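What you see is a predicted model; the values in this text were computed from it and never measured. We use all heavy atoms of the structure for the numbers below, so side chains are in, but hydrogens, waters and symmetry mates are not. Proteins get letters first, then strands, A, B, ... in listed order; numbering begins at 1 in each.
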Amino acid sequence: MTGDLARLLDGPAHGLAAAVSAREVRARDVAGAALLRAGRSRERHGAFLHVAGEDAIEAAAEVDRRVAAGEALPLAGVPIAVKDNVHVAGMPTTAGSRILGAFVPPEDATCVARLKAAGCVVVGKTSCDELGMGSTNETSAFGPVRNPWEPTRVPGGSSGGSAAAVAARAVPLAVGTDTGGSVRLPAAFCGLVGVRPTFGRVSRLGLVAFASSFDQAGPLARHARDAALALEAMSGADPRDATSLPGASPDLLSRLDDGVAGLRVGLLDDEEGVHPDAAAALSATARLLASRGASLVPLRLPRLALGVAAYYLIAAAEASSNLARFDGVRFGARAAGDGPAELVRATRAAGFGDEVKRRVLLGTFALSAGHREAWYERAQRVRTRIALDLGEAFRACDLLLSPTAPGPAFPIGEKSGDPLSLYLTDVFTVPASLAGLPAVAVPAGLSRERLPVGVQLAGPAGSEALLLAVARELEAARGPWTAPPDVIR
Amino acid sequence: MLPVDLEAVIGLEVHVQLKTRTKAFCACPVVFGAAPNGAVCPVCLGYPGALPVPNREMAALGARLALATGCDVHARSAFARKSYFYPDLPKGYQITQFDRPLATGGRIDVRGTDGTARAVRLRRVHLEEDAGKSIHDAQGEDVPPGVTLVDLNRAGTPLAEIVTEPDLRTPSEAADFLSRVRRLVRWIGVSDGSMEEGSLRCDANVSLRPAGAEEPGTRVEVKNLNSIAHVRKALEHEVSRQAEALRAGRAVAADSRLFDPASGSTRPMRGKEESEDYRYFPDPDLGPLVLDGAWLEELAASLPEPPEAREARLVAQLGLSPADAATLCATRPLADAFEEAVALHPSNARGVASWFLGGLLARMGDSARQEGRLPVAPAAIARLVARIDDGTVSRRIAAELVDLLCAGAGDVDGLIRERGLFQVTDEGPIRAAVDAVLAANPALAAACRGGKSASFAWFVGQVMKATGGKASPAVVNRLLRERLDA
């Protein structure tokens, strides 16, 4: 690999796109280099489940032709990785599960098609918790993913492979999906910017559904500007997703350097269970924002603590229904069974892992006759209440600042036997998910063990541009970000 | 027959396949009889990543049906998921409407046992998607024995489900209800209403209780009723089966039963012993179905005159018998054709009706009646009746003309002119023919004079024959009578 290519892949996506657009480097050469890195990332961190081949080179050559023809592509030649629960035509989708067998989707997810249209080249599919269900990437049927900051630690989940690939410099950008925090948590654990958009901002067409009223695809990036570019490309109304928001992509770039002067930043007083290093990073961030002209607004939102319970009930209920299609009849894995009922039972017994089964059971229970009112419907009322509380809060402030996760990445295996404590890892991320609001995870420093610690910026519906501007200001204030020790070269 | 002390309580669930071009939540065409799994896509196959998008035409047709039955159509309704595993249910759930249906209330009148109209209240009309088809014990070279094949062409086809209150009291009322639904859905153009092709399907629930009691008895559900005759037979069987059990002091089991057309009886469905928990919840892939008030008003205004009202009008305005009016209103195209003809010859609507009922319907098969494909244009029938009424042709010649018209032989006046089919009213030639016939049959003529009126008709026939059928029967009668009475 030439030094130029290595430097471009180590740098921001917008720099790489500028170089390709200026025809200083060919997209096909960039893709070739990124494919090599993706292969190494798969070997070293288990970040990739599928690495593209000649097809990615051809796609990149097509980008070169479009550039040569004078097309302006905001992400010209940027190699990206896509979480494996998001369809890329011609590449297998496993969603980290055995249940999909050798399923190859017939077309791109809308967000992938839009990234390709903006000039991106998909170099592979990244590992994730099985069907998006997990916070550590340990529930993947194909093995854990290692955190490039410390390979014995989890990268976070469920978009763990996407986060590890971007952190290790295999690609400058990756697509993740966020249901209860699955983009933001791995972003925090891997020291990245990760965006959960307003619900409906990015089409869900082509996402293997986990919990439909929560699922949103969003970018993972090393730079706020890259995240903004990617999100802008992915966004916009999709007539094929009935829950997609009307209107074109929001403008996320023109206000990116607006700073934070005059912004009211809400701070929650509840730091119970937060790791001292995460708490320190949070207050340092608050001080930084205040020093740049933001005002701090202390807030109490005690009902947010109910969010985790409500989220796990509703998401599991939706999952129990969304996953019913995996029955071995039309696609995916099929186990032998005598008669239809037995075929379905055997297929699902063999195809799903323990965490998925746990949630399907939980969700089935929450919806079943005699329990629906006490569990599913009560959780929905909590959801509504939390959305109202947040709506109220956003009258007093422009955004809420909180930790993204209670602490930094923990060792692989440490919590895998304790689902409840894992679910509580999502305590800061689920409120925005429940309310359908945008939230951005931003790096906020390193712990004493030199592991990334993040903060989360959550805002009212449609506030992505503002949140990304705050992320950009934090990034600018802190100066160049250190690379993890275990980068791919 | 039911003992006088017991009363049947019957409710129906009628599934109406809506006549949309594409499926309920995807762009696949709705087709009948295509190659198996030839009209499917990732959405109706339930592929991961596929999403449903509601078909506006489905909502429009469903709302049209609901409005035509007097329902309250809700500005906001919601789709829900009904979960169960079955190989022909691709997603493991059916998208339907549960606690927020498209429409509620409404009624359809049936003819009660005493002949008067009786209102059957509709609990709701809601939208849903159909499942695919399982083909058990399929035969074929490449099909191993015992294998079940699945055809998903039907999966995702839009349905409107009409749920009645348990207001029906007899199997014949139930059958009448269903025929009225069938006529209505065709009348307002929302469905083919074909039970043979499955575009109209029906489940019934029936219980018995002491006559006059308020509390219903144990409810039994009967499925697989593929024709109106089956509905009647299955319910008759079920009513007598339950009555027998009750008379013998046995309890009726609350089960789901399948009608077997071959034996005319019902039997319990396997695997339906315990009631299924469908775990309904709002479909998070779909927002509320929002219908604009002004749009609904337009839709209501675009509805044609309802069939019952049209029957009543034909009786009141045109003096038709209720039975004839009902026959002419069997389908809207037929009623339209009839009224088109009447409009062209308004002085004799009953005459037009009798030619429709006698001359035309006999020549029309069921599909021709459904589509209103008359063998002769309404204008030709109007002209024909006008020519009878003005004496140009006799009824007999008119019948011949209908034959010619059906064979496509031209127009009424042209045929009369070209073939000389004018009725002869000129008395000269007719009197000559009468005299000739009487002269040739003196004995019969004498008998007839003596009071044997039977031979009078024979003489009329002979005179008609002698005049080539063109003589006016009225004139022939009068002149014969003159001669014989002289």
Side-chain angles (χ1 to χ4, degrees), chain A residues 85-87 93 95 99-100 103 105-107 109-110 131 200 203-209 211-215 238-244 314 317-318 320-332 338-341 343-345 348 363-370 372 376-377 380, chain B residues 25-27 37 40-56 79-95 98-99 132 134 136 146-152 155 270-271 274-290:
Chain A
N85 62 350
V86 180
H87 291 336
T93 296
I99 196 84
L100 276 98
F103 182 80
E107 63 175 341
T110 299
L131 295 154
S203 169
R204 292 184 297 113
L205 186 77
L207 271 59
V208 179
S212 312
S213 73
F214 298 91
D215 295 344
D238 182 358
R240 293 170 68 194
D241 173 0
T243 60
S244 114
I314 300 167
E318 293 183 10
S320 72
S321 166
N322 282 333
L323 270 46
R325 69 189 62 207
F326 297 107
D327 58 5
V329 173
R330 298 165 313 286
F331 53 78
D338 190 13
L343 179 145
V344 173
R345 198 200 63 77
R348 292 166 68 82
T364 302
F365 173 79
L367 287 174
S368 59
R372 194 184 117 108
Y376 174 76
E377 285 177 10
Q380 285 288 23
Chain B
F25 297 104
C26 64
N37 298 308
V40 291
C41 75
V43 176
C44 56
L45 288 174
Y47 272 23
L51 291 173
V53 176
N55 180 343
R56 293 300 295 186
F79 291 105
R81 295 182 180 179
K82 175 182 179 178
S83 296
Y84 61 96
F85 284 107
Y86 206 71
D88 61 24
L89 184 70
K91 299 183 293 296
Y93 59 84
Q94 176 195 28
I95 304 177
F98 180 56
D99 51 1
S134 290
H136 302 289
V147 157
T148 293
L149 299 177
V150 174
D151 178 5
L152 294 173
R270 269 182 306 156
E274 45 189 308
S275 73
E276 202 143 2
D277 181 359
Y278 292 120
R279 306 192 305 280
Y280 287 99
F281 78 106
D283 191 330
D285 283 333
L286 297 161
L289 178 64
V290 179

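Only the backbone of A:L207 has a heavy atom closer than 4.5 Å to any heavy atom of chain B. For A:A369, the parts sitting under 4.5 Å from any heavy atom of chain B are the backbone and the side chain alike. No part of A:T93 comes within reach of chain B, as not one of its non-hydrogen atoms sits under 4.5 angstrom from that chain. Looking at A:P105, there are no atoms closer than 4.5 Å to chain B (heavy atoms on both sides), in backbone or side chain. For A:R348, the part lying near chain B is the side chain, with the backbone staying farther off; criterion is any non-hydrogen pair under 4.5 Å. Using a 4.5 Å cut-off between heavy atoms, A:F214 does not touch chain B at all. For A:V344, the part sitting under 4.5 Å from any heavy atom of chain B is the side chain, from C-beta outward, and nothing else.
Looking at A:R325 and B:Y47, their side chains never bring a donor and an acceptor atom within 3.5 Å of each other. For the residue pair A:R330 and B:N37, no side-chain donor N or O sits within less than 3.5 Å of a side-chain acceptor on the partner.
Across B:V53, B:L286, B:D285, the residue that shares the most heavy-atom pairs under 4.5 angstrom with chain A is B:D285. Highest contact tally toward chain B, considering only A:G328, A:S213, A:S368, is held by A:S368 [criterion: heavy-atom pairs under 4.5 Å]. Residue with the most contacts toward chain B among A:P340, A:G206, A:S321, A:G332: A:S321 (heavy-atom pairs, distance under 4.5 Å). Counting heavy-atom pairs under 4.5 Å between each of B:G49, B:P54, B:A50, B:P87 and chain A puts B:G49 at the top.
In this structure, the side chains of A:L100 and B:P48 come closer than 4.5 Å at one or more pairs of heavy atoms. Using a 4.5 Å heavy-atom cutoff, the side chains of B:R81 and A:N322 are in contact. For the pair B:Y280 and A:R372, the minimum side-chain heavy-atom distance is below 4.5 Å.
A:S320 contributes atom OG, which lies 6.0 Å from atom CZ of B:F281 (distance to the nearest 0.5 angstrom). Between the CG atom in B:L51 and the OG1 atom in A:T243 there is a gap of 7.0 Å [rounded to 0.5 Å].
Minimum interatomic distance between A:A324 and B:G92 (heavy atoms only, all atoms of both residues): CB-CA, 3.8 Å.
No more than 12 heavy atoms of other residues, nucleotides or ligands lie within 6.0 Å of CG in A:D338, so this atom counts as exposed by the packing criterion. Heavy atoms of other residues, nucleotides or ligands lying less than 6.0 angstrom from CZ of A:R240 number 12 at most.
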